[in-house]
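A quick write-up on the structure given underneath.
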2 protein chains.
Amino acid sequence: MFSKSCEYAIKASIFIAQHRDGVTCVGVKEIAKGIQAPEYFVAKIIQELSRKKAINSIKGPNGGFCMSEAQMKKPILDIVVLMDGDGLVNNCILGLEHCSSDNPCPMHHEYQKIKQSMRNMLENNTVADFKSLVNLKKAVLNTN
Amino acid sequence: MFSKSCEYAIKASIFIAQHRDGVTCVGVKEIAKGIQAPEYFVAKIIQELSRKKAINSIKGPNGGFCMSEAQMKKPILDIVVLMDGDGLVNNCILGLEHCSSDNPCPMHHEYQKIKQSMRNMLENNTVADFKSLVNLKKAVLNTN
DNA sequence: ATAATAAAAGATATTAATGTCTTTTATAGT
DNA sequence: ACTATAAAAGACATTAATATCTTTTATTAT
Ligand code: FES
Ligand code: FES
């Protein structure tokens, strides 16, 4: 479904959003622990998110990562596309070059609805939405 | 979504089912061409399907691969599980060790419906179903 | 200015997925 | 029996994903 990079990117975004109090930012180490992912790998990934303006970073002492309200209000789909591209919501499930009802693969008709609900889920839920679930203890980012 | 191996396995199964006339079987070369996939790689995959009894194979002259009615009536999910395991219909979309509503990840609630419809699609459609679509020219296995 | 901190960048390592080629085995037809 | 055919099996190659380590750069605080 998602690549590991994408899984970590989603969880890291939510974690960063969750720990945003407007003052302090959160460092790689803490993020990696919070989402139970390898530290150096997470570093790579959130640096990429930062380069691509999905999150902000601050160097030096008391530095780390944080998100603006605007960034938190972006749909999760944005993160997914940054990491994995838009294949999940566009491509043919059987790998045909183009997914279209003109020349559909055998699974196309059945898959269309699923792909659409996948797209809806990713478009209609923001980082902030998922952050709230975690803050309300209705969801978790790790298995501790 | 699916691995390449799984994509090829699904398409190959449908192709073999499609070319089954009860008499002749179809060889790797023809299958690979028919599904636009690398021949040697397809060979590996359908050999695995054969080992696991999802299809039959016959060695020697006029040999090749074919499927019984019973095999054709198996849901596509069987092929998927043989190649990729059951992660797609069981695992947490964010990679938590267990997917459960007890300790759900932030996407769990939204994802459940999607996972269920994915499972339904894969359980309720057989190789024969998709074969029919191709035979009726309502679907294709390649882009030629 | 200097030291400490933490991200950025770059290099390297490991593993898994994908793809290819060669040799062996079984079978059919002569 | 011999030959041709085609799958089975095993070895090998390539690429992409995942993971780790080192060096550099920016920033803060002393
Ligand atoms: S053509 Fe395969 S999913 Fe649309
Ligand atoms: S816990 Fe993540 S999808 Fe169920």
Side-chain angles (χ1 to χ4, degrees), chain A residues 1-13 15-16 19 23-67 80 82-85 87-88 94-95, chain B residues 1-13 15-16 19 23-67 80 82-85 87-88 94-95:
Chain A
M1 179 72 62
F2 299 142
S3 68
K4 279 288 164 199
S5 298
C6 188
E7 281 181 14
Y8 296 156
I10 294 171
K11 287 194 273 196
S13 305
F15 186 89
I16 294 165
H19 284 241
V23 183
T24 56
C25 32
V26 54
V28 174
K29 245 183 192 132
E30 198 180 341
I31 297 169
K33 266 186 194 161
I35 68 173
Q36 277 183 323
E39 179 184 333
Y40 290 119
F41 194 23
V42 170
K44 282 288 162 214
I45 290 162
I46 59 188
Q47 277 163 27
E48 188 179 346
L49 291 179
S50 170
R51 238 177 294 124
K52 292 177 173 172
K53 311 293 182 193
I55 64 179
N56 301 123
S57 76
I58 300 172
K59 277 188 174 183
N62 311 316
F65 299 85
C66 54
M67 292 177 84
V80 172
L82 286 182
M83 302 306 299
D84 286 353
L88 187 62
L94 289 184
Chain B
M1 180 70 64
F2 299 141
S3 68
K4 281 287 165 200
S5 298
C6 188
E7 281 181 13
Y8 296 155
I10 294 171
K11 288 194 273 196
S13 304
F15 186 88
I16 294 166
H19 284 241
V23 183
T24 56
C25 32
V26 55
V28 173
K29 246 185 191 131
E30 197 181 340
I31 297 169
K33 265 187 194 159
I35 67 173
Q36 277 183 323
E39 178 184 334
Y40 291 119
F41 195 22
V42 169
K44 283 287 163 212
I45 291 161
I46 58 188
Q47 275 162 28
E48 188 178 348
L49 290 179
S50 170
R51 252 197 318 270
K52 292 176 173 172
K53 312 292 183 196
I55 63 178
N56 301 124
S57 76
I58 299 170
K59 277 189 174 183
N62 311 316
F65 298 86
C66 55
M67 292 177 83
V80 172
L82 286 182
M83 302 306 300
D84 285 353
L88 186 62
L94 289 183

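Proteins come first, then strands; the chains are lettered A, B, ... in the order of their sequence lines, and each starts at number 1.
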Report summary line: Per the under-4.0 Å heavy-atom filter, residues of residues 44-66 of chain A near DNA chain D come out as K44(A), K59(A), G60(A), P61(A), N62(A)
Report task. Measure from CD1 on I35(A) to P on dT18(D) and round the result to the nearest Å. Result -> 13 Å
Query - From M67(A) atom CE to S57(A) atom OG, the distance as rounded to the nearest 0.5 Å - result: 13.0 Å
Query raised in the report: Any side-chain heavy atom of N56(A) within less than 4.5 Å of one from S50(A)?
Result: no
Query - Distance, rounded to the nearest Å, where M83(A) contributes CE and dA16(D) contributes P - result: 17 Å
Query raised in the report: Heavy-atom distance under 4.5 Å between the side chains of V28(B) and F65(B), does that happen here?
Result: yes
Query raised in the report: Taking atom P of dG19(C) as reference, at what distance in whole Å does atom NZ of K4(B) sit?
Result: 7 Å
Query - Nucleotide nearest F41(A) when distance is taken to its side chain, options dA7(C), dT18(C), dT20(D) - result: dT20(D)
Report summary line: Whole-Å distance, Q36(A) CD to dA19(D) P, equals 13 Å
Query raised in the report: Taking NZ, NE, NH1 and NH2 as the nitrogens, is one of them in K44(A) or E48(A) under 4.0 Å from a carboxylate oxygen of the other?
Result: no
Query raised in the report: Any side-chain heavy-atom pair from F2(A) and L88(A) closer than 4.5 angstrom?
Result: yes
Report task. Ignoring backbone atoms, test whether S5(A) places a side-chain nitrogen or oxygen under 4.0 Å from the OP1 or OP2 oxygen of dA17(D). Result -> no
Query - Whole-Å distance separating the CD atom of E30(B) from the C1' atom of dT5(D) - result: 15 Å
Query - Y8(A) side-chain N/O to dA19(D) phosphate OP1/OP2 under 4.0 Å - result: yes
**Report entry** Check ion pair E7(B)-K4(B) (N to O, under 4.0 angstrom)
**Finding:** yes
Query - DNA chain D: 5'-proximal contact among E39(A) and A43(B) (nearest heavy atom) - result: A43(B)
**Report entry** Spacing of I16(A) atom CD1 relative to dA7(C) atom C1', expressed in whole Å
**Finding:** 12 Å
